[in-house]
Novice: 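Supplied in structure tokens, the structure appears directly below.
Side chains included, hydrogens not; waters and symmetry mates left out as well; all remaining heavy atoms used. Below, chain A is the first sequence line, B the second, and so on; all start at residue 1.
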Amino acid sequence: MIESTRFGEYGGCFVPETLMAALEELEEGFRTIVPGPAFQEEMDYYLHEYAGRKTPLTFCRNLSRDLGCRVYLKREDLLHSGAHKLNNALGQALLAKCMGKRRIIAETGAGQHGVATAIAGAALGMNVEVYMGEEDIARQALNVARMRMLGANVLPVRSGSRTLKDAINEALRDWVANVHDTHYLIGSVVGPHPFPTLVRDFQTVIGRETRAQVLEKEGRLPDAIVACVGGGSNAIGMFTPFLGDPTRLFGAEAGGEGPGGRHGATLCRGRPGVLHGTYTYLIQDAFGQILESHSISAGLDYPGVGPEHSYLMDKGRVTYREVTDDEAIDSFLYLSRTEGIIPALESAHAVSLARNIAQDLGKDDILIVNLSGRGDKDVSQVAALAGDCL
Amino acid sequence: MIREVDRAGADVIEVVMPFSDPVADGPVMQQAIQRALSAGMNTDSLFSLIRDFRAESETPLVILTYANPVVQKGLGAFYRDAARAGADGVAVADVPLEETEPFCKAARDAGIDPILFVSQTTSDKRLEMIIERAGGFLYLVAALGVTGVRGEVDPATIECIRRIKGISSLPVVPGFGISSSHQVQAYSQAGADGVIVGSAIVKEVGDRVGRPGEMRIAVGEMVRALVADIV
């Protein structure tokens, strides 16, 4: 029986009994294999030689001048694959291989985690199958093609809303039926224990590097850090090494259409409940049925959130705010034109919130934005939406 | 439909409180859940359905659901209202041993049975701890995977029935994937105290949406045939 599965009252492992043996096995692997020198050495090779770590912490001259404080971007957009997702995909795929699993399944919304998993599978010689909602397959043709080129099999999901939430349901169903030889490589700090902790630990490399880099460049800790939150893996990875510091931490959620409209702002507007194996804030009706979320950014379009974020919000350690679709597009173009960096639409939410926070900062204050991914995947969508403004 | 299953001779009736994201269920149950939710089914209408049935029959009835509808109603309130409506037990598909304590406590406080799940992947140590906490009967998941018609007998399930029977006096009832006489006979010969048939019956309903008369006849015939196969 697994113990200590919670962040305060959040988390847990709400899955069918059939899956518990697999979660126990995964927890055991996480505790015994991951800390060992052999695993760490392999991980070090894949992160540094292969994926291109460490990523720069870029001092942005133009942004700093424009926003009136010292602005840095943590450049996860420069990681191989174009987003932070690869940190976790490589870590879990390596662990699954060490545990003797032959097959990896994953879910994906926009396709970034699917692509990262396909890359990890190709690099490590493992079979990868990716569940993706039919709606998302239609919207993200580029990433579907990338996954297939990388040798992964993309499995269309036709149940429910045919998006990320349903892709996770389908991956869980597959895992229950194939627990003996399959690892479910979940893409964010969500799902049953030990996933939220496991994924956090593989993403914490972002925050560890950032902390060392800012201390080296500035000789002190930053005043504020901003990251976007869908499931919340890039944010947790960035925040974790700073939790004991005085640095103020901010999470940008998908405000979607704004007040009264459809949204993905689980923490700002939701209520705690149980979905996909964990007790956390959710977007749901009065009877506990999960409602469809909405965001212009597929990576933030999820009606749940990592349980540790629920805990950090209740505790008051991290402040979560909403950024609307329109504000995200505005900041997508703003960063592209001000600094010459095209952000992912997810990361554009963080940029937008950072612009607001900068108003309360002085010119010597340090503000770090986690630029979780690059925006190539979003270029045609933004071009269509912002047509007149371009 | 509950009345029909009762008349056809079922010993226990299982009613599903639908949840929007049923990860333990296959396509037949998913579609049924979607139909029920679209028709406005919720925890309040479930309890009133059970109350109506209880007014005319004493056949034991258990609720099968997922954690969130229970959590949102409030554990105490859900089990109390279930008991008042006349339910005899509640099984929650995504609550394993690790999370079961508050659910079991609420059930016992309300005076109804916490029905717990075991599976062929459940270790002996877990099995003992589950038996300690379970009430009513043990719900043995009879296949690796989700609910849905399979037709074949699973040797691991036979082995699991024998394993449980060796250490517990609780009735053992396999469910998931059961639809054929062959399976019912094999499992009951191995020592099972009954079988749970869900998707196979729900499929008869799903194939006849909008034709309630035909639905009742098909479901009645199926249940009668299955009941006759139990040895």
Side-chain angles (χ1 to χ4, degrees), chain A residues 1-6 9 11-25 27 158-161 165-166 168-182 191-193 271-280 282-292 303-304, chain B residues 17-27 30-31 33-34 37 40-46 65-74 78 92-100 103 116-123 125-127 129-130 138-148 176-177:
Chain A
M1 184 168 161
I2 304 179
E3 281 163 23
S4 321
T5 64
R6 302 276 177 146
E9 63 180 310
C13 40
F14 292 89
V15 294
E17 173 65 25
T18 310
L19 272 185
M20 286 312 303
L23 291 180
E24 284 180 326
E25 186 191 354
E27 216 229 6
R158 299 189 176 89
S159 57
S161 58
K165 169 177 88 81
D166 308 283
I168 297 178
N169 290 342
E170 222 45 66
L172 283 167
R173 290 178 185 124
D174 179 317
W175 202 27
V176 178
N178 300 290
V179 287
H180 294 311
D181 70 342
T182 298
H193 177 83
R271 218 173 60 244
V274 177
L275 176 68
H276 295 148
T278 193
Y279 181 68
T280 188
L282 301 174
I283 302 171
Q284 57 181 327
D285 73 10
F287 294 101
Q289 306 299 339
I290 308 306
L291 300 173
E292 275 179 43
Chain B
M17 172 55 224
F19 175 53
S20 52
D21 294 82
V23 295
D25 283 299
Q30 287 173 39
Q31 284 156 21
I33 284 167
Q34 208 46 59
L37 288 176
M41 176 89 173
N42 60 43
T43 31
D44 293 344
S45 49
L46 169 81
T65 188
Y66 286 84
N68 204 40
V70 182
V71 168
Q72 293 312 314
K73 179 89 186 170
F78 186 94
V92 192
D94 55 349
V95 172
L97 178 61
E98 277 74 1
E99 306 296 344
T100 205
F103 291 82
L116 302 186
F117 292 83
V118 295
S119 146
Q120 56 184 268
T121 60
T122 304
S123 66
K125 192 158 171 241
R126 290 180 70 85
L127 184 58
M129 295 172 83
I130 292 169
L138 282 175
Y139 194 132
L140 170 60
V141 178
L144 278 185
V146 293
T147 59
F176 281 45

Novice: Out of curiosity, A:Thr278 OG1 to B:Asp94 CG, how far, rounded to the nearest 0.5 Å?
Specialist: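 Reported to 0.5 Å precision, the distance equals 11.5 Å.
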
Novice: Where does A:Arg158 contact chain B at under 4.5 Å (heavy atoms): side chain, backbone, both or neither?
Specialist: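 Neither; nothing under 4.5 Å.
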
Novice: With the side chain counted from C-beta on, respond yes when A:Gln289 and B:Gln72 share a heavy-atom pair under 4.5 Å apart, and no when they do not.
Specialist: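 The answer is no; the side chains never approach within 4.5 Å.
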
Novice: Quick check: closest heavy atoms across B:Val146 and A:Arg173, and the distance to 0.1 Å?
Specialist: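 The answer is CG1-CG, 3.5 Å.
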
Novice: Give, as side chain, backbone, both or neither, the part of B:Ile33 having an atom under 4.5 angstrom from any heavy atom of chain A.
Specialist: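 Neither part; nothing is under 4.5 Å.
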
Novice: Atom CG in B:Leu140, atom CD in A:Glu17: separation rounded to 0.5 Å?
Specialist: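 B:Leu140 CG to A:Glu17 CD: 10.5 Å, rounded to 0.5 Å.
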
Novice: Contact part of B:Met17 toward chain A, heavy-atom cut-off under 4.5 Å: side chain, backbone, both or neither?
Specialist: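 Just the side chain, heavy atoms under 4.5 Å.
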
Novice: Evaluate the side-chain proximity of A:Val176 to B:Leu144: yes if any heavy-atom separation is below 4.5 Å, no if none is.
Specialist: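 Not touching, per the 4.5 Å side-chain cut-off.
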
Novice: Could you walk me through whether B:Thr121 and A:Met20 satisfy the side chain to side chain contact (heavy atoms under 4.5 Å, CB included) test, starting with their C-alpha distance in whole Å, then the side-chain angles of each, then the deciding distance to 0.1 Å, before giving a yes or no?
Specialist: CA-CA 8 Å; B:Thr121 60; A:Met20 286 312 303; over 6 Å; no

Novice: Less than 4.5 Å to any heavy atom of chain A: does that hold for the side chain of B:Val118, its backbone, both, or neither?
Specialist: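 When you check distances to chain A, only backbone atoms of B:Val118 fall under 4.5 Å.
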
Novice: So for B:Val141, is it side chain, backbone, both, or neither that comes closer than 4.5 Å to the heavy atoms of chain A?
Specialist: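 Side chain only.
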
Novice: Quick check for you: among A:Gly12, A:Ala22, A:Cys13, which has the greatest number of heavy-atom pairs under 4.5 Å with chain B?
Specialist: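 Of the options given, most contacts go to A:Cys13.
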
Novice: Check each atom of A:Leu275 against the heavy atoms of chain B and say whether the ones under 4.5 Å are side chain, backbone, both or neither.
Specialist: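 The side chain, not the backbone.
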
Novice: Please classify the contact between A:His180 and chain B as side chain, backbone, both or neither, with a heavy-atom cut-off of under 4.5 Å.
Specialist: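 It is the side chain, since no backbone atom gets that close.
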
Novice: Between A:Ala177, A:Gly273, A:Pro192, which shows the greatest number of heavy-atom pairs under 4.5 Å with chain B?
Specialist: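 Going by pairs under 4.5 Å, I would pick A:Ala177.
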
Novice: Measure B:Leu116 against the heavy atoms of chain A and call it side chain, backbone, both or neither at under 4.5 Å.
Specialist: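 B:Leu116 has no heavy atom closer than 4.5 Å to chain A.
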
Novice: Identify which part of B:Pro18 has an atom lying under 4.5 Å from any heavy atom of chain A, answering side chain, backbone, both or neither.
Specialist: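 Only the backbone of B:Pro18 comes within 4.5 Å of chain A.
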
Novice: Between B:Ser20 and A:Glu292, is any pair of side-chain heavy atoms under 4.5 Å apart?
Specialist: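 Side chain of B:Ser20 against side chain of A:Glu292, heavy atoms only: no contact under 4.5 Å found.
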
Novice: Given that the side chain runs from C-beta out, which part of B:Val95 has a heavy atom under 4.5 Å from chain A: side chain, backbone, both or neither?
Specialist: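 The answer is both parts of B:Val95.
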
Novice: Top residue by heavy-atom pair count (under 4.5 Å) with chain A, among B:Glu99, B:Lys125, B:Lys73?
Specialist: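 Highest number of heavy-atom pairs under 4.5 Å: B:Glu99.
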
Novice: Which is it for A:Phe287 and B:Asp44 under the side chain to side chain contact (heavy atoms under 4.5 Å, CB included) test, yes or no, and what are the steps along the way?
Specialist: CA-CA 9 Å; A:Phe287 294 101; B:Asp44 293 344; 3.7 Å; yes

Novice: Shortest non-hydrogen contact from B:Pro96 to A:Phe14?
Specialist: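 So the two residues come closest at CD-CA, 4.2 Å.
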
Novice: Give a yes or no on whether a salt bridge exists between A:Arg6 and B:Glu98, defined as a side-chain N under 4.0 angstrom from a carboxylate O.
Specialist: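 Looking at B:Glu98 together with A:Arg6, the answer is no, because their closest N to O distance does not fall below 4.0 Å.
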
Novice: Side chain, backbone, both or neither: which part of B:Tyr139 has an atom under 4.5 Å from a heavy atom of chain A?
Specialist: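 B:Tyr139 has no heavy atom closer than 4.5 Å to chain A.
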
Novice: How many angstroms lie between atom CG of A:Leu282 and atom CG of B:Asn68, to the nearest 0.5 angstrom?
Specialist: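 Atom-to-atom, A:Leu282:CG and B:Asn68:CG are 6.0 Å apart.
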
Novice: So which heavy atom on B:Val23 is nearest to which on A:Pro16, and how close?
Specialist: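 Taking every non-hydrogen atom into account, CG2-CD, 4.3 Å.
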
Novice: Taking side chain as everything from C-beta outward and backbone as N, CA, C, O, which of these in B:Ser123 sits under 4.5 Å from a heavy atom of chain A? Side chain, backbone, both or neither.
Specialist: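 Neither part.
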
Novice: Check A:Val274, A:Leu172, A:Ile168, A:Ile290 against B:Asp21 for a side-chain contact (heavy atoms from CB on, under 4.5 Å) and give me the one that passes.
Specialist: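 With B:Asp21 as partner, side-chain contact (heavy atoms from CB on, under 4.5 Å) holds for just one option, A:Ile290.
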
